[in-house]
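Single-structure report; data block below.
For the numbers below, each heavy atom of this structure counts, side chains included, while hydrogens, waters and symmetry mates do not. As the structure lists them, so they are numbered: ligands from 1, and atoms in each ligand from 1.
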Amino acid sequence: MSSSIDELARANVRKLVPYQSARRLGGKGDVWLNANEYPIGTAYQLSTDTFNRYPECQPQAVINNYASYAGVNADQVLVSRGADEGIELLIRAFCEPGQDAVLYCPPTYGMYGVSAETFGVERRTVALREDWQLDLPAIEQNLAGVKLIYVCSPNNPTGNLLSPTDLRQLLELAAGKAIVAVDEAYIEFAPYATLVPWLTEFPHMVVLRTLSKAFALAGLRCGFTLGSPEMITLLLKVIAPYPLSTPVADIAAQALSPDGVAAMRQRVQTILENRALLVKALTECDCVEAVYPGEGNYLVFRCSAAAAVFKSLWDQGIILRDQSKQPSLSNCLRITIGTQAENNQVIAALRAFPNAVAAKEFSKEAV
Ligand SMILES: *Cc1c(COP(=O)(O)O)cnc(C)c1O
């Protein structure tokens with residue numbers, strides 16, 4: 001009899017497929033357009049050196065700066081190790097393992113499912129409609145036992161915003177039954193669409209935010225949950241005692257200063273300009289069949305032969321994200337908006353790719 005550690009592990013953990021993060025998927029090259037990061041880093045100087053002391057659980061400078069940036073009160077803000085930790089804290093606070101369920105709408109961000117699975121919480125999925133909007137009647141029919149609903153707007157990977165009318169209906173459907181978490185990881189690219197002003201109206205709503213995308217700090221690991229003071233108090237019960245290290249808090253506070261926020265807005269402007277150029281250039285590539293309008297710092301496009309295009313770029317050191325296995329995204333690739341030079345490199349590679357007919361032949365052979 002084998003006494004493997006695996007056998008001692010919880011059954012759901014044994015079965016668990018870890019989140020296939022861009023870093024885990026690997027790749028080799030110089031054009032990294034697979035993780036929706038900002039393409040250029042900003043230098044920061046640490047302003048503290050008291051590393052002998054534990055950090056504050058909720059560093060005040062970070063909380064206050066984020067509250068004023070987001071237009072809420074300080075007691076409506078929780079800071080965590082990335083938005084990913086916020087996703088997890090909600091499950092830990094609201095879902096009874098083996099009893100309650102979380103609901104989300106694929107194709108969407110992968111961590112909702114992975115986090116639920118880790119805690120032994122049922123994953124209920126209701127696919128987005130063909131237009132990538134919420135299927136409200138199907139959600140309503142599947143609400144039994146659901147404690148937590150994740151929606152993502154702009155949605156990753158499809159890029160579209162969810163209809164505010166639908167979101168309002170969802171919040172009304174869920175009232176008294178489930179928490180609705182609105183993932184706004186990309187909201188800086190479409191700031192007019194934020195649901196933060198609704199927080200006062202819907203105490204069962206939370207908004208997830210991050211410094212990983214428009215703030216260009218994916219390596220920092222810093223995210224936020226916005227909600228009612230009651231909600232924040234509850235989440236503070238389950239968060240780790242020191243979720244942010246001292247250097248992280250230091251840099252986050254700087255990034256959220258008025259200068260930091262202005263720099264972020266400048267970055268967003270550049271990305272939006274480059275996105276418009278990329279949409280046009282992609283549309284003109286023979287191997288691209290459709291480019292979907294996106295509101296984030298990324299785009300989804302459909303190819304005549306996604307696997308072949310993906311591999312051809314991969315071999316040239318241009319790393320995109322293959323989304324073709326996701327529901328309703330067959331033959332779709334996701335591309336992060338890079339620098340203009342990076343985007344031009346992608347376009348050159350796509351132009352050089354065998355024309356659409358040849359690509360179809362290639363994909364038939366590959367099957
Ligand atoms: C990137 C991303 C996150 C994770 O943000 P972190 O703060 O880096 O953990 C959450 N949700 C969506 C939709 C994302 O794309």
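Using the six-membered ring where Trp is involved, Tyr109 and Tyr112 have ring planes that are perpendicular, over 60° apart on the 30 and 60° scheme. Ring pair Phe215/Tyr69 is perpendicular by interplanar angle, where above 60° counts as perpendicular and below 30° as parallel.
Salt-bridge check for Glu117 with Arg123: passed, with a basic side-chain N closer than 4.0 Å to an acidic carboxylate O. A salt bridge links Glu201 with Arg168: at least one charged nitrogen is closer than 4.0 Å to a carboxylate oxygen.
Every heavy atom of Arg81 sits 4.0 Å or more from the atoms of ligand 1. The closest approach between Cys152 and ligand 1 falls below 4.0 Å for a heavy atom of the residue. Assignment of Lys213 to the shell around ligand 1 is supported, since a heavy atom sits closer than 4.0 Å.
Taking any N or O of Ile87, backbone or side chain, none lies under 3.5 Å from an N or O belonging to ligand 1.
Close contacts between ligand 1 and Tyr186 involve ligand atoms 1 (C), 13 (C), 14 (C), 15 (O) [criterion: under 4.0 Å to a heavy atom]. Against a heavy-atom cut-off of under 4.0 Å, Asp183 is close to the following atoms of ligand 1: 10 (C), 11 (N), 12 (C), 13 (C). Near Ser212, the atoms of ligand 1 lying under 4.0 angstrom from a non-hydrogen atom of the residue are 6 (P), 7 (O), 8 (O). Of all atoms in ligand 1, listed by their number and element, those nearer than 4.0 Å to a heavy atom of Thr210 are 5 (O), 6 (P), 7 (O), 8 (O). For ligand 1, the atoms lying closer than 4.0 Å to a non-hydrogen atom of Gly82 are 6 (P), 7 (O), 9 (O).
Counting heavy atoms of neighbouring residues, nucleotides and ligands inside a 6.0 Å radius, atom CD of Glu172 exceeds 12 of them.
Heavy atoms from both the backbone and the side chain of Asp84 come within less than 4.0 Å of ligand 1. With a heavy-atom cut-off of 4.0 Å, Glu85 does not touch ligand 1 at all.
Annotation: side chain of Leu234 is in contact with side chain of Phe94 (closest heavy-atom distance under 4.5 Å). At a threshold of 4.5 Å between non-hydrogen side-chain atoms, the residues Val182 and Leu208 do not count as touching. Side-chain contact between Leu333 and Asp322 is present, with at least one heavy-atom pair separated by less than 4.5 Å.
Scanning the protein for heavy atoms near atom 9 (O) of ligand 1, the closest one is Arg221 NH2, 2.8 Å. Nearest protein neighbour of atom 10 (C) of ligand 1, counting heavy atoms only, is Tyr109 CE2, 3.4 Å.
Ile187 and Leu134 fall into different hydrophobic clusters, defined by Ile, Leu, Val, Met, Phe, Trp and Tyr side-chain heavy atoms under 4.5 Å apart, directly or through other members.
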